[in-house]
Number of protein chains: 2
Amino acid sequence: MEPAYPQPLVMVDTALFTIRDERLRLILTRRKEPPFEGLFALPGGFVHAQEDADTEAAARRVIRGKIGFDAPYLEQLFTFSGAARDPRGWSVSVVYYALIPWSLLEGNSAAEAFPVDALPPLPFDHGQIVARAVERLRGKATYSSLPAFLLSAEFTMNELHRIYEQTIGARLDKASFRHKILGQDIIEEIPNRFRTGAHRPAQLYRLSSKVLTAFERKI
Amino acid sequence: MEPAYPQPLVMVDTALFTIRDERLRLILTRRKEPPFEGLFALPGGFVHAQEDADTEAAARRVIRGKIGFDAPYLEQLFTFSGAARDPRGWSVSVVYYALIPWSLLEGNSAAEAFPVDALPPLPFDHGQIVARAVERLRGKATYSSLPAFLLSAEFTMNELHRIYEQTIGARLDKASFRHKILGQDIIEEIPNRFRTGAHRPAQLYRLSSKVLTAFERKI
DNA sequence: CAGACTTAATTGTTTTTTGCAAATAACATT
DNA sequence: AATGTTATTTGCAAAAAACAATTAAGTCTG
């Protein structure tokens, strides 16, 4: 039962989402080697059986190499495979997607964030990968705490509302959103903390401990 | 950038669901070689880079080898990886789950269907795999056509209702279920076809062509 | 063959959720 | 103090879901 066949190449790729200027964006990297040298592509690399505990660890390694720290939210998306997707041979790519607040990326030299609806031409099957990642993100956003991971630890209700609208790509009623989100135990008020500014101060919220422990947020 | 490292073993495993005697069940296979020879396990095998177009093709090959035909519904679940999950070494397993009507399996010699809540001890990390597969199935069942693939091509509303209850594991209101499902374009009446029996005949339904083309049902 | 029995399907009512519009609150600025 | 702007709450209508009961269409029994 040992494989008498040559084994496929095993790699990981990552779809790193952020929101900047009210638009959902992806962080791409410029390829430094052939094939497709010079093109923008999803950050990725081969899985190192020696040093990676599993593919998720490999994804974290790739992400740290790209942005310098761990992503607050990381989840496996899908595994792509086949002979045609990479000219180097039959390959398997385990793809992860991550959500990263723009505030953590600001000033990061390597980070080039492209709007998901205006991406440059992508090599391999990265176009399909991106399509599936966006689909998954939008699908999950509606009924989960996911988009909140695109914000820093403290945020106002209106900021959260906008982030949901931007990830989903549609309008959401303010009052309904507020009511629904508060009924879901996703976020909690931070007592006596407000965002002050030119006008009425806004209550600050944070992700509930329930959500945080579920995802083991790293920041 | 070519991998200087030894590559992981790449395999596929499958979680094959069916419903018999009103219970959600999994089809397991008895292992014929070490490790864990003799134990029941999820049907699986190594990916053959030569003969499999991709991992989904490999999963179909495994399923055909087990039950003799293609599963009506097949979907990738998750990819499990690590050094500890298989004593033979660092491995990556792309896991698929499938739904198969019991009517197609009846009389199939190899098919041993265990209730998902009364499984024998499983080798490797198959216990975790099953847990995740059941979770996914239940999660998707509520708002999709998925459970209908556990029925044969023609079914009554009550049969469908029961299948949904069994996969989800909870009661569903009859009238609401009927209304919701009919409003979703998932199924359609078969004109003038009824299931007759001891009592009032029941209208027969089938999956709508929309759903069928989306999933390319093979039976 | 009438009535009892059983499953199928519909109907009506109540409760909950959602969508929309407006009103009220809390500041800074002039 | 009046005004402008953003935050938050309130009220109501519409839609969806849950619940309860009724009607429909057969078989079976005496």
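First the proteins, then the strands, lettered A, B, ... as listed; each starts at 1. These values consider heavy atoms only, across backbone and side chains, with no hydrogens, waters or symmetry-generated copies.
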Scan side-chain atoms only and decide if Arg138(B) and Thr167(B) contain a donor-acceptor pair under the 3.5 Å cut-off. no

Can you tell me how the ring of [X] sits relative to the ring of [Y], calling it parallel under 30°, perpendicular over 60° and tilted otherwise?
X	Y	value
Tyr73(A)	Tyr97(A)	tilted
His161(B)	Phe177(B)	tilted
Phe124(B)	His126(B)	tilted

Whole Å only: how far is the [atom1] atom of [X] from the [atom2] atom of [N]?
X	N	atom1	atom2	value
Leu204(B)	dA8(C)	CG	P	11 Å
Leu182(A)	dT18(C)	CG	P	13 Å
Phe155(B)	dA8(C)	CZ	P	15 Å
Met157(B)	dA8(C)	CE	P	11 Å
Ile181(B)	dA17(D)	CD1	P	12 Å
Phe177(B)	dT11(C)	CZ	C1'	19 Å
His179(A)	dC20(C)	NE2	C1'	15 Å
Ile187(B)	dA9(C)	CD1	P	10 Å

Output the single nucleotide from [options] whose closest atom is nearest the side chain of [X].
X	options	value
Ser176(B)	dT8(D), dA18(D), dC27(C)	dA18(D)
Gln203(B)	dA9(C), dG19(C), dT8(D)	dA9(C)
Arg178(A)	dT9(D), dT7(C), dA17(D)	dT9(D)

Which residues, if any, of residues 159-175 of chain B bring a heavy atom under 4.0 Å of DNA chain C?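 DNA chain C contact set from residues 159-175 of chain B: Ala175(B).
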
Is a donor-acceptor contact shorter than 3.5 angstrom present between the side chain of Arg200(A) and the base of dA26(C)?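 Per atom types, no contact qualifies.
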
Got a donor-acceptor pair under 3.5 Å from the side chain of His199(A) to the base of dT6(D)? no

Do Phe215(B) and Phe149(B) have their ring centres less than 6.0 Å from each other? yes

Answer whether the closest heavy-atom distance between the side chains of Gln203(A) and Met157(A) falls below 4.5 Å.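 No, every pair of side-chain atoms sits at 4.5 Å or beyond.
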
Closer than 3.5 angstrom, by distance alone: can the side chain of Glu188(A) be matched with the main-chain N or O of Ser208(A) as a donor-acceptor pair?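 Not at all, since once roles are kept as given, no pair shorter than 3.5 Å links the two residues.
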
So, is Lys180(A) close to the dT18(C) phosphate, meaning a side-chain N or O under 4.0 Å from OP1 or OP2? yes

